[in-house]
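Written below as structure tokens is the structure these notes are about.
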Amino acid sequence: MDTAGTAFSFTKPDASPERREFYARLCEKNITPLWEVLGKLLHPSPVPQMVPVMWRYGEVRPYLMDAGRLLTEREAERRVLVLENPGMRGQSRITPTLYAGLQMILPGETARSHRHAASAFRMVVEGTGAYTAVEGERTTMHPGDFILTPPWTYHDHGNPTESPVVWLDGLDVPLVNMFDTGFAEHHPEDLQPHTIAEGDALARYGANMLPVDYTPERLSSPVFNYPYARSRETLEQLRRSGPLHGCHGLKMRYINPATGGSPLPTMGAFLQLLPAGFCGEPYRSTDATVYYVVEGEGRSRVEDASFAWGARDIFAVPSWSPVSHEAQSDAVLFSFSDRPAQQALGLWREQAPLRA
Ligand code: GTQ
């Protein structure tokens, strides 16, 4: 049985001259007394360095265009502006475990083929008709599409259209590097050969059927494009049947159709509809979460911060911070976090309703 505890607190013992002299001797040997650091190691609840933050797309877009003038895609490998959490500058982190950036690719450009141990996905922000190729298959990008590049799969991007294309990249690089498990390599050719017809993966694995002898080759989803048109239609259909969740509105999670688990081993992704006038209750969970506004206008309160958002804006919510959403117009929020990693390790918690 679970016995309710009292809040953890710890006061350092006084440091007498004799104790200090002892600590100095320990220090020389790379040893620290636990009672000097315990308060930093154990807390009654999470103490994130991460802070709530929002980026308005209208403010970032001009910088993407500047980057387009100043560097070629080839020089940059990927032309990405990394969204850094103000509580963790210089670490390429938007949350403690996740990386996010806005990638821009100009007409006629390609981003060379490579692969890495980190998982990645794209959420398409602007422009229709660019492509991502993954392990021999291309998929055409449309705004709102959720596109995977599973760990150690070759991927390249191209923009054969007449306009710049922008997407949000999410990667688990900080988590992979914390484990010191990061590897990366280029494909021997600039662009990998396209050996599989476009649409193959979605038809084969994404239509509520699987090939009769299918056995999963990897932990990630065999579907690598989750088209927005389909996901949006699902939300539209479901709002007619209801009911709405008091905190989330109508919230769905993206899945690996072969397992029902998350699309990528470490990252979960979600899509939620907040109907016009929705005024949600506060909710919190231990997975720090990044939100991207696909459609609509509204406001989210995160602790003391209040983010008034519109389409294409991005905001981030730290672990265990209460968040509540309101929608002025019908709104669709995409979000992602390391929830599957926390769940696999037995660490994930959520709370709603919140006690005072
Ligand atoms: O598109 O492969 O934002 O490798 C960072 C690293 C995107 C990519 C990023 C990458 C990519």
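Both ligands and their constituent atoms are indexed starting at 1 by order of listing.
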Got a salt bridge between [X] and [Y], using NZ or NE/NH1/NH2 to carboxylate O under 4.0 Å?
X    : Y    : value
E236 : R239 : yes
E350 : R284 : no
D156 : R112 : no
E109 : R79  : yes

Give me the pairs of N or O atoms, one from ligand 1 and one from the protein, that sit under 3.5 Å apart.
| residue | atom | partner | partner atom | Å |
| --- | --- | --- | --- | --- |
| ligand 1 | 1 (O) | R78 | NE | 2.9 |
| ligand 1 | 1 (O) | Q103 | NE2 | 3.3 |
| ligand 1 | 1 (O) | R122 | NH1 | 3.0 |
| ligand 1 | 1 (O) | H157 | NE2 | 2.8 |
| ligand 1 | 2 (O) | R78 | NE | 3.0 |
| ligand 1 | 2 (O) | R78 | NH2 | 3.4 |
| ligand 1 | 2 (O) | H114 | NE2 | 2.9 |
| ligand 1 | 2 (O) | H155 | NE2 | 2.7 |
| ligand 1 | 3 (O) | Y99 | OH | 2.7 |
| ligand 1 | 3 (O) | D169 | OD2 | 2.7 |
| ligand 1 | 4 (O) | H114 | NE2 | 2.8 |
| ligand 1 | 4 (O) | H116 | NE2 | 3.1 |

Q | Enclosure of R349 CZ (heavy-atom neighbours >12, cutoff 6.0 Å) | A | no

Only pairs under 3.5 Å count here: list side-chain donor-acceptor contacts from residues 52-60, not counting sequence neighbours, and write none if there are none.
| residue | atom | partner | partner atom | Å |
| --- | --- | --- | --- | --- |
| R56 | NH1 | A308 | O | 2.9 |
| Y57 | OH | E126 | OE1 | 2.6 |

